[in-house]
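See structure below.
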Amino acid sequence: MTEEHLAVQQAARDFAKSELLPGVIERDTHQKFPAEQIKKMAALGFMGMMVDPKYNGGGLDTISYVLAMEEISKVDASASVCMSVNNSLVCWGLEKFGSEEQKEKYLKPLASGEVIGAFCLSEPEAGSDATSQRTRAEDKGDHYLLNGTKNWITNGNSASIYIVIAQTEPEKRHKGINALIVEKEMPGFVVGRKEDKMGIRGSDTHSLMFTDVKVPKANRIGEEGFGFTFAMSTLNGGRIGIAAQALGIASGAYELSLRYSKERKAFGKTLAEHQAIQFKLADMATQIDAARLLVWKAAYLKDQKKDFVKAAAMAKLFASQVAQDVTTEAVQIHGGYGFVKEFHVERMMRDAKITQIYEGTTEIQKMVISRELLR
Ligand code: CAA
């Protein structure tokens with residue numbers, strides 16, 4: 001790691017401890033979005049880390065991004081999913097595939113974190129089967145008429161700018177899909193109900209409804225019919241962010257468990273002096289190290305502009321399982337204390353689950369990996 005990497009890691013670690021830790025339990029309990037904290041993360045440059053400075057970004061590499069994601073996720077996975085979506089699904093796609101006008105108008109405020117963005121692919125009947133888009137973007141000459149519903153959208157209400165994937169020419173299947181930039185104020189766009197979730201309860205997850213929303217043609221990303229490839233390419237990178245999030249949840253739970261096992265006494269000695277606990281810690285640390293190496297490998301390949309599709313899917317597949325396993329063991333090590341909110345690990349166990357579901361389920365990651373292997 002370079003000096004710069006270490007500085008980013010330390011800044012994220014300090015921020016998580018001083019600004020995210022206080023109140024994280026309350027935000028989880030009351031499903032409160034960390035709005036003030038996200039503003040401070042924006043001021044530190046965490047919302048557009050990899051974007052070129054000429055578009056208000058941090059100009060950092062993917063390694064810096066995963067280091068920061070891990071540190072933020074150790075403490076507050078609700079804040080880190082907001083960060084991950086804004087960085088990898090919104091800013092990255094806009095910078096890579098957007099027009100110069102789109103970058104000036106939308107990427108700049110998104111990269112600085114002045115506003116946040118949302119990525120809208122999932123629908124009531126199109127989750128893993130993402131080509132089955134029912135949302136329609138009818139071509140009306142100079143604009144598209146957008147109609148449909150999106151589900152489980154991260155930053156659903158707190159975002160101002162939405163990238164919406166919609167079907168224009170159903171007969172062309174995935175080649176008839178477009179990616180459109182939609183502003184919250186556009187008439188006909190309504191933010192639906194907030195989801196009451198098992199985990200990442202501080203994040204802001206909503207359904208969205210579009211009724212005859214006029215979206216200018218200038219807001220289409222890429223050529224006509226490019227929307228599905230846009231979504232898939234963006235998700236390839238997004239999966240590195242979620243893998244880093246899963247890694248952070250796991251390493252956060254591990255660090256708490258290590259500390260607790262040195263403090264808590266049972267049968268006349270600390271938990272850490274019992275071999276049963278030592279073996280758990282050994283397994284947790286080994287899994288976390290392996291996950292971290294996969295996450296760093298995927299980030300490194302992306303930075304080297306090499307093919308990272310398989311590596312990103314492997315990192316997410318593995319790290320999300322590690323997050324499951326490690327957080328479950330963390331609760332076990334904490335015993336009764338682990339089952340109550342005050343000790344954090346029960347929240348981490350609930351937060352870990354979503355990393356096996358969003359940005360491609362575990363099963364989708366296996367599809368992606370095996371397709372790459374058999375190509
Ligand atoms: N990268 C780039 N392009 C890809 C790709 C990838 N990983 N996977 C597929 N494509 C392209 C294919 O090349 C093909 O294009 P061409 O015909 O031009 O070659 C096109 O996409 C269709 O591919 P398939 O025929 O393979 O499509 P499929 O229907 O069999 O399967 C899938 C595709 C991989 C299963 C895909 O639907 C998928 O990834 N599903 C999961 C969707 C997902 O991750 N959703 C998460 C929601 S977003 C979210 O969670 C954000 C949040 O808020 C946190």
Side-chain angles (χ1 to χ4, degrees), residues 8-9 11-49 58 65-91 109-119 152-162 184 191 193-206 238 241-242 244-249 251-253 255-256 323 327 341-355 358-359:
V8 168
Q9 185 183 45
R13 190 174 289 160
D14 293 344
F15 177 81
K17 198 173 161 198
S18 63
E19 302 288 342
L20 292 174
L21 188 57
V24 66
I25 295 173
E26 200 211 330
R27 290 195 298 276
D28 171 74
T29 304
H30 301 294
Q31 299 194 81
K32 193 163 173 267
F33 181 70
E36 288 309 309
Q37 291 78 0
I38 296 291
K39 273 191 200 141
K40 290 179 182 169
M41 284 164 68
L44 285 169
F46 288 148
M47 299 307 281
M49 293 182 71
Y65 169 56
V66 297
L67 290 172
M69 272 298 296
E70 180 180 348
E71 294 304 322
I72 301 290
S73 307
K74 277 183 187 177
V75 175
D76 188 347
S78 295
S80 74
V81 70
C82 173
M83 173 177 161
S84 181
V85 166
N86 203 67
N87 274 279
S88 358
L89 295 188
V90 180
C91 287
L110 284 163
S112 65
E114 183 192 320
V115 299
I116 59 173
F119 178 83
W152 310 294
I153 302 304
T154 304
N155 303 339
N157 193 32
S158 43
S160 303
I161 296 166
Y162 299 75
K184 197 177 203 170
V191 176
R193 75 185 167 93
K194 180 170 173 147
E195 300 294 349
D196 186 358
K197 308 190 297 285
M198 169 185 175
I200 55 162
R201 287 171 58 78
S203 75
D204 182 34
T205 313
H206 287 258
I242 299 303
Q245 181 190 44
L247 169 64
I249 297 170
S251 51
E255 285 175 13
L256 289 175
T327 54
K341 289 185 184 292
E342 199 186 330
F343 282 72
H344 298 283
V345 285
E346 67 81 32
R347 183 185 74 255
M348 293 169 161
M349 186 175 163
R350 287 186 284 106
D351 287 351
K353 185 60 206 170
I354 191 62
T355 65
Y358 57 23
E359 298 203 25

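All of these numbers come straight from a predicted model, not from anything done at the bench. Residue indices begin at 1 and follow the sequence shown.
- More than 12 heavy atoms of other residues, nucleotides or ligands lie within 6.0 Å of NZ in Lys184, so this atom counts as buried by the packing criterion.
- Looking at every heavy atom in both residues, Ala118 comes nearest to Ile153 through CB-CG2, 3.8 Å.
- Once rounded to the nearest 0.5 Å, the distance linking CZ of Arg347 with OG1 of Thr29 reads 9.0 Å.
- Separating the NE2 atom in His344 from the NZ atom in Lys74 is a distance of 14.5 Å, to the nearest 0.5 Å.
- A donor-acceptor pair is defined here as one N or O able to donate and one able to accept, closer than 3.5 Å; such a pair exists between the side chain of Lys197 and the backbone of Ser203.
- Annotation: Lys194, atom NZ; neighbour count of heavy atoms from other residues, nucleotides and ligands within 6.0 Å is above 12.
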Quiz prompt | Test log, rule side chain to side chain contact (heavy atoms under 4.5 Å, CB included), inputs Ser112 and Met47 | solution = CA-CA 7 Å; Ser112 65; Met47 299 307 281; over 6 Å; no
Self-check item: Worked check of side chain to side chain donor-acceptor pair (under 3.5 Å) between Thr327 and Lys353
Solution: CA-CA 10 Å; Thr327 54; Lys353 185 60 206 170; over 6 Å; no
Quiz item: side chain to side chain donor-acceptor pair (under 3.5 Å) between Tyr358 and Thr154: does it pass, once the steps are laid out?
Solution: CA-CA 10 Å; Tyr358 57 23; Thr154 304; over 6 Å; no
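- Separating the CD1 atom in Ile354 from the OG1 atom in Thr205 is a distance of 8.0 Å, to the nearest 0.5 Å.
- Between Glu71 and Ala12, the shortest heavy-atom distance links the atoms CB-CB, 3.7 Å.
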Quiz prompt | CA sep, side-chain torsions, deciding dist, call: Asp351, Arg201, side chain to side chain contact (heavy atoms under 4.5 Å, CB included) | solution = CA-CA 8 Å; Asp351 287 351; Arg201 287 171 58 78; 6.0 Å; no
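- Smallest separation of non-hydrogen atoms from Ser84 and Gly238: OG-O, 4.3 Å.
- Taking 4.5 Å as the limit, some side-chain heavy atom of Arg27 sits within range of a side-chain heavy atom of Val24.
- For the pair Asn155 and Phe119, the minimum side-chain heavy-atom distance is 4.5 Å or more.
- Considering only heavy atoms from C-beta on, Ile72 comes within 4.5 Å of Leu20 through its side chain.
- Under the 4.5 Å side-chain criterion, counting only non-hydrogen atoms from C-beta, Cys82 is not in contact with Asp204.
- Looking at Arg350 and Asp28, a side-chain N of the basic residue comes within less than 4.0 Å of a carboxylate O on the acidic one, giving a salt bridge.
- For Ala323 against Ala246, the heavy-atom pair with the smallest separation is CB-O, 3.5 Å.
- Using a distance-only test at 3.5 Å, with no hydrogens or angles considered, no donor-acceptor pair links the side chain of Tyr65 to the main chain of Asn87.
- In this structure, CE on Met83 lies 13.0 Å from CD1 on Ile116, to the nearest 0.5 angstrom.
- A pairwise comparison of heavy atoms in Phe46 and Ala68 identifies CE2-CB, 4.2 Å as the closest pair.
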Exercise. Walk me through it: do Ile38 and Phe33 pass the test side chain to side chain contact (heavy atoms under 4.5 Å, CB included)?
Key: CA-CA 9 Å; Ile38 296 291; Phe33 181 70; 4.0 Å; yes
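- Atom-to-atom distance recorded for Asp76:CG and Met348:CE is 9.5 Å, nearest 0.5 angstrom.
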Quiz item: side chain to side chain donor-acceptor pair (under 3.5 Å) between Ser80 and Gln245: does it pass, once the steps are laid out?
Solution: CA-CA 7 Å; Ser80 74; Gln245 181 190 44; 3.1 Å; yes
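- Judged by distance alone, the side chain of Ser78 and the main-chain N or O of Gly202 form a donor-acceptor pair under 3.5 Å.
- Contact of the Ser88 side chain with the Glu359 side chain is not registered, since no non-hydrogen atoms from C-beta on lie closer than 4.5 Å.
- Val75 is not listed as a side-chain neighbour of Phe15, based on a closest heavy-atom distance of 4.5 Å or more.
- For the pair Val8/Met49, a side-chain contact is recorded, criterion being any heavy-atom separation below 4.5 Å from C-beta on.
- Closest non-hydrogen pair, Ile249 versus Ala77, comes out as CD1-CB, 3.8 Å.
- Enclosure of atom NZ in Lys341 by more than 12 non-hydrogen atoms of other residues, nucleotides or ligands within 6.0 angstrom is indicated.
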Exercise. Mind running side chain to side chain contact (heavy atoms under 4.5 Å, CB included) on Asn86 and Cys91 for me, showing each step along the way?
Key: CA-CA 6 Å; Asn86 203 67; Cys91 287; 3.9 Å; yes
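- Counting only heavy atoms from C-beta outward, the side chains of His206 and Glu195 never approach each other to under 4.5 Å.
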